Amino acid sequence: MERKSLNCLKWGIFFTFVNIEIGQLNLLPEFVGMLLFYASIRSHQEPRPGESRVAPLFLVLAADYFLHWIWQFENGVEGLLALAVSLYALYVLLGEAAERIRPMQPDRAAALDVLRICAVVLQCAGFLVSPFEIRPLNMLLTIAVISVCIALIVAVCRIRPEENA
């Protein structure tokens, strides 16, 4: 993978999964993460078919998260739909990243495959369990999601960029 694409992917994960809030203001808005994922796809010399398929989804998600950032409102159906689309798009993007590096870095590609599956499963579990307010389970899921996100950022940081890019 190209260095610029890896940097956008790494920072996109950071902005998407890390929330630093002062009052109601999120200092690391998710829409920036979605735009960085889009930039990661567009920075490739030759986008893969899966990347081309999910690139518009990242723009739609960026617009949705931007609206939620400037005007805070809740809609359960829209939240579920946004979660499903973002998990699908991120799953495909990380899968394509793993396929790009598999010939030269198979161990890192395998780690990325495992982490993307864990991230999706944990995010779904967190969404399904959160309405029941079972504090110990919510706390356990939160810790697991944070651990997987940290591992995902570390895994992306460990990918060696292509020398010719």
Side-chain angles (χ1 to χ4, degrees), residues 1-21 26-66 68-69 79 81-128 139-165:
M1 285 186 71
E2 296 91 348
R3 184 175 307 278
K4 182 178 179 184
S5 178
L6 278 171
N7 284 335
C8 289
L9 183 61
K10 172 180 35 179
W11 284 107
I13 292 169
F14 184 76
F15 271 86
T16 301
F17 290 107
V18 176
N19 288 325
I20 297 176
E21 296 181 359
N26 185 356
L27 298 178
L28 300 172
E30 289 179 318
F31 74 88
V32 174
M34 296 300 140
L35 292 173
L36 285 166
F37 290 143
Y38 181 78
S40 175
I41 292 169
R42 291 296 171 216
S43 66
H44 289 300
Q45 293 173 355
E46 297 177 23
R48 297 175 64 94
E51 292 171 333
S52 297
R53 190 173 60 241
V54 297
L57 295 178
F58 285 119
L59 290 176
V60 170
L61 287 166
D64 180 59
Y65 290 138
F66 179 72
H68 282 280
W69 188 64
L81 183 61
L83 176 68
V85 171
S86 67
L87 288 178
Y88 168 74
L90 191 58
Y91 183 81
V92 170
L93 179 62
L94 292 174
E96 293 293 347
E99 288 306 311
R100 281 184 184 278
I101 65 170
R102 195 171 309 284
M104 300 301 290
Q105 303 172 56
D107 56 331
R108 294 185 178 145
L112 203 53
D113 283 334
V114 169
L115 288 170
R116 75 186 180 124
I117 291 168
C118 290
V120 168
V121 168
L122 287 172
Q123 289 282 7
C124 289
F127 182 81
L128 294 174
M139 179 87 74
L140 183 63
L141 282 171
T142 300
I143 291 169
V145 167
I146 290 169
S147 300
V148 167
C149 291
I150 290 169
L152 192 56
I153 290 171
V154 169
V156 171
C157 287
R158 293 186 65 217
I159 296 172
R160 289 184 311 273
E162 295 174 355
E163 295 301 323
N164 59 358

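Because only heavy atoms are used, hydrogens play no part in the values below, and waters and symmetry mates are left out as well, while side chains stay in. Keep in mind the model is a prediction, meaning the values are calculated, not measured.
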> Are the side chains of Leu35 and Leu59 in touch, meaning some heavy atoms are under 4.5 Å apart?
Replying inline: yes
> Any side-chain heavy atom of Leu61 sitting closer than 4.5 Å to one from Phe37?
Replying inline: no
>> Any non-hydrogen side-chain atom of Phe58 less than 4.5 Å from a side-chain atom of Ser40?
In response: no
> So, do Leu152 and Leu112 sit near enough that their side-chain heavy atoms are less than 4.5 Å apart?
Replying inline: yes
>> Under a 3.5 Å threshold, yes or no: a donor from one side chain and an acceptor from the other, between Asn7 and Lys10?
In response: yes
> Quick one: are the ring centres of Phe66 and Phe31 less than 6.0 Å apart?
Replying inline: yes
> Under 4.5 Å between any side-chain heavy atoms of Val85 and Val60, yes or no?
Replying inline: no
>> Taking the side chain as everything from C-beta on, heavy atoms only, tell me whether Ile117 gets closer than 4.5 Å to Leu115.
In response: no
>> For a 4.5 angstrom cut-off between non-hydrogen side-chain atoms, does His68 reach Glu30?
In response: no
> Is Gln45 close to Glu162 at the side-chain level, that is, under 4.5 Å between some pair of heavy atoms?
Replying inline: no
>> Quick check on side chain to side chain contact (heavy atoms under 4.5 Å, CB included): which of Leu93, Ile159, Leu36 does Leu9 satisfy it with?
In response: Leu93
> So, are Asp107 and Arg158 salt-bridged, with charged N and O less than 4.0 Å apart?
Replying inline: no
Distance-only check: which donor-acceptor pairs under 3.5 Å involve side-chain atoms of residues 118-128, not counting sequence neighbours?
none

